[in-house]
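The structure under discussion appears below in the form of structure tokens.
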Amino acid sequence: MNLFAEIKTLVLSALHEMVGEGALPADLNFSNVSVEPPRDALHGDMATNAAMVLAKPAKMKPRDIAEILAQKLTADPRIDTADVAGPGFLNLRLDPAILHGLIPQILNSGADFGKSNIGQGRKVNVEFISANPTGPLHIGHTRGAVFGDALSSLLDFAGYQVTREYVINDGGSQIDTLARSVYLRYLEAHGQAVSFPEGVYPGDYLVPVGEALKAKIGDAYIDQPEDIWMEEIRNFATDAMMGLIRSDMALLGIEMDVFFSEKSLYGTGKIEACLDALEAKGLIYQGTLPPPKGKLGEGWEPREQTLFRSTAHGDDVDRPVKKSDGGWTYFAPDIAYHYDKIQRGFDELIDVLGADHGGYVKRMKAAVSAMSDGKVPLDIKLCQLVRLFRDGEPFKMSKRAGTFVLLSDVVEQVGADVTRFVMLTRKNDAALDFDLAKATEQSKDNPVFYVNYAYARVFSVLKKAGNPSDEKLASANMALLTHDAEINLIKKLAEWPRLAELAATHHEPHRIAFYLYELASEFHALQHLGKVDPDLRFIREDAVECTEARLAMIRAVAVVISAGLGILGVTPRNEMR
RNA sequence: GGUCCCGUAGCUCAGCUGGAUAGAGCACCGGAUUCCUAAUCCGGGGGUCGCAGGUUCGAAUCCUGCCGGGAUCACCA
């Protein structure tokens with residue numbers, strides 16, 4: 001289904017043939033041979049670098065290799081011409097029938113067009129959001145949420161078996177703080193005047209939690225010491241916060257497969273078992289860390305702690321797993337959590353984190369490498385900050401939380417689809433400026449609109465043509481699509497499977513967004529040509545066959561846009577008014 | 001000071017395991033609509049790819065060192 005992969009197979013078999021005939025030496029490594037879209041469409045439909053990457057190991061001139069390869073390739077019916085160009089590129093022009101044949105393929109496969117099996121059913125765990133259950137999700141979580149969800153869909157599209165996972169940090173001291181905060185709201189619900197000292201969460205969102213607690217237990221905990229109510233309120237409050245977070249996620253249409261409780265690692269021997277496993281590899285020891293370099297060294301004092309030898313797996317310094325008082329550091333349960341993921345049989349792990357976790361990457365990779373003996377790759381995707389604007393002015397106020405802009409504020413203002421798309425128009429590791437006013441603007445300046453507009457235009461045209469079925473369109477005579485702009489559009493469609501594979505292997509969903517913009521652009525250009533030259537209009541009363549072929553083509557555009565937006569989690573609209 | 005990320009057109013950013021004359025949008029200038037959505041399209045000007053070395057047939061891309069911006073940095077999760 002991936003035309004580029006198909007032609008690459010052809011190139012490789014031609015190369016093997018050349019080896020068999022003695023035209024190339026044996027033992028050549030073909031892994032660097034690629035077949036790609038050429039930078040300039042004038043060069044042809046596809047280009048291969050085979051002659052250039054093989055020239056040196058084969059000790060031949062690139063052009064000599066290219067000449068022979070060109071002869072072999074043109075013998076194949078799929079290849080019209082193969083021209084040697086530049087330093088040794090081989091530019092291929094395909095038999096138009098190959099491109100034309102793509103359209104029925106797209107119409108018949110529908111949303112499945114572009115799916116691949118590069119994942120080969122490998123189990124991949126994508127952990128994302130994982131916000132502390134102490135309040136609603138804010139803008140800082142939103143990008144990671146959208147990114148993780150889209151990456152998951154992308155990997156699924158590429159043939160991986162994906163698990164979306166959220167780890168609930170319900171074991172740490174911040175939950176004690178949450179419980180105390182809720183206790184105050186509980187007292188408040190009973191009519192007591194309360195003040196909120198430093199170190200508790202003052203947010204209004206805890207008011208209903210305090211009231212709910214009152215409704216559940218009445219006045220049982222009034223004037224009671226902390227050790228009486230702490231455990232129960234911790235659980236009660238955590239559940240309430242996870243309820244909030246789940247409803248925030250629902251606003252973006254995100255559903256997790258697994259919610260993993262960090263607390264489940266404590267008191268169950270899981271952390272101990274994990275560290276035992278590391279100790280068996282000689283990676284746990286008692287020791288004292290050197291002072292940090294630089295001026296932060298002030299106030300530092302040596303402490304003997306239990307340390308993980310992360311330097312054995314690429315980290316810069318070993319990391320403590322136990323505090324000097326014997327309690328676990330945060331790192332310890334997190335190692336155990338990743339150990340658990342490995343034991344659950346995942347072949348690959350992905351963590352989506354905020355950029356403020358940058359210092360955490362090496363140690364976690366070291367831990368996973370150590371625990372899996374280097375067999376389970378861990379990719380940590382750091383999402384950089386989102387800067388919110390409205391009409392060019394920084395946007396910071398939140399009506400409900402007072403400090404952070406909430407995810408729900410953003411979705412309320414621009415909608416889930418716009419939020420998702422905009423969040424995916426940047427690489428995850430580049431900072432993102434998000435202008436809430438521009439995001440709802442209906443213009444080409446707004447990529448969401450621009451892409452969806454192309455989709456809606458297709459529907460408009462099809463409607464005008466009486467909504468022919470995909471089956472009927474698939475049987476049209478595509479050979480009538482001969483105009484350059486039409487061929488360019490089909491070539492863009494042909495790139496989709498390849499692009500989806502690349503985006504998946506690189507864990508970069510933003511490439512989908514950029515591709516969709518380009519596809520929409522090709523479509524808008526062609527659509528406009530019909531205004532200048534009536535013969536190029538999609539619907540021609542005087543040419544039924546041609547009309548059918550064109551309708552099939554634009555229907556294929558809609559199918560691919562729909563598939564792409566589907567991966568991004570955006571629902572295309574059939575009309576924009 | 002260590003580590004990580006970023007540095008590409010006036011602005012915001014793409015640039016696909018290194019490949020051909022470095023691309024797009026905005027802004028600016030000039031055009032296009034009796035028509036399926038002008039909410040669009042076409043053309044033009046605009047670049048020492050932060051700087052300097054290195055690797056090679058070839059570097060925005062890989063390596064080293066600087067410069068600038070951001071994040072982070074030992075018993076906080």
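Numbered from 1 within each chain, the chains take letters A, B, ... in sequence-line order.
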Taking only residues two or more places apart in sequence, or in another chain, which ones meet Phe4(A) in a ring pair (Phe, Tyr, Trp, His ring centres under 6.0 Å)? none

NA contact type, Lys531(A), heavy-atom cut-off 4.0 Å: base, sugar-phosphate, or nothing? base

If you check the Glu262(A) side chain, which of rA77(B), rC36(B), rC41(B) turns out closest? rA77(B)

Just to be sure I understand the rule, does Lys56(A) reach a base, reach only the sugar-phosphate, or reach nothing, if contact means heavy atoms closer than 4.0 Å? sugar-phosphate

Nucleotide paired to rA14(B) in any strand shown, Watson-Crick or G-U, under 3.5 Å: none

What does rC49(B) pair with, Watson-Crick or G-U, if both distances are under 3.5 Å? none

Tell me whether His43(A) is stacked on the nucleobase of rA20(B), counting only the six-membered base ring and applying the 5.5 Å and 30° thresholds. yes

Quick check: on RNA chain B, is the nucleotide nearest Phe538(A) upstream (toward 5') of the one nearest Gly171(A), or the reverse? Name the residue that is more 5'. Phe538(A)

Closest approach of Pro320(A) and Leu307(A), non-hydrogen atoms and distance? CA-CD2, 3.5 Å

Within the structure shown, what part of the strands sits under 4.0 Å from Lys362(A) by heavy-atom distance: base, sugar-phosphate, or nothing? sugar-phosphate

Assign Gly358(A) to base, sugar-phosphate, or nothing according to its heavy-atom contacts below 4.0 angstrom with the strands shown. nothing

Considering every strand shown, what is the Watson-Crick or G-U wobble mate of rU3(B) when both distances are under 3.5 Å? rA71(B)

Counting N and O atoms only, with roles assigned by atom type, does the side chain of Ser181(A) sit under 3.5 Å from a partner on the main chain of Tyr201(A), one being a donor and the other an acceptor? yes

Classify the nucleic acid contact of Ala85(A) as base, sugar-phosphate or nothing, counting any heavy atom under 4.0 Å across all strands shown. base

Quick check: does any side chain N or O of Lys56(A) sit under 3.5 Å from a backbone N or O of Lys61(A), one acting as donor and the other as acceptor? no

Side-chain donor/acceptor contact of Asp334(A) with base of rA77(B) under 3.5 Å: no

If pairing means Watson-Crick or G-U wobble with both distances under 3.5 Å, then the partner of rC28(B) is rG44(B)

According to the Watson-Crick and G-U wobble definitions, with both distances under 3.5 Å, which nucleotide is paired to rA59(B)? none

His141(A) has an atom NE2; how far is it from atom C1' of rA77(B), in whole Å? 12 Å

Summary of protein contacts for nucleotides 7-19 of chain B, nucleotide by nucleotide, where a base hit scores B, a sugar-phosphate-only hit scores S (4.0 Å, heavy atoms): -----SSSSBB-B

Quick one: label Tyr517(A) by what it contacts on the DNA or RNA (base, sugar-phosphate, nothing), any heavy atom closer than 4.0 Å. sugar-phosphate

If you check the Gln384(A) side chain, which of rA38(B), rC36(B), rC5(B) turns out closest? rC5(B)

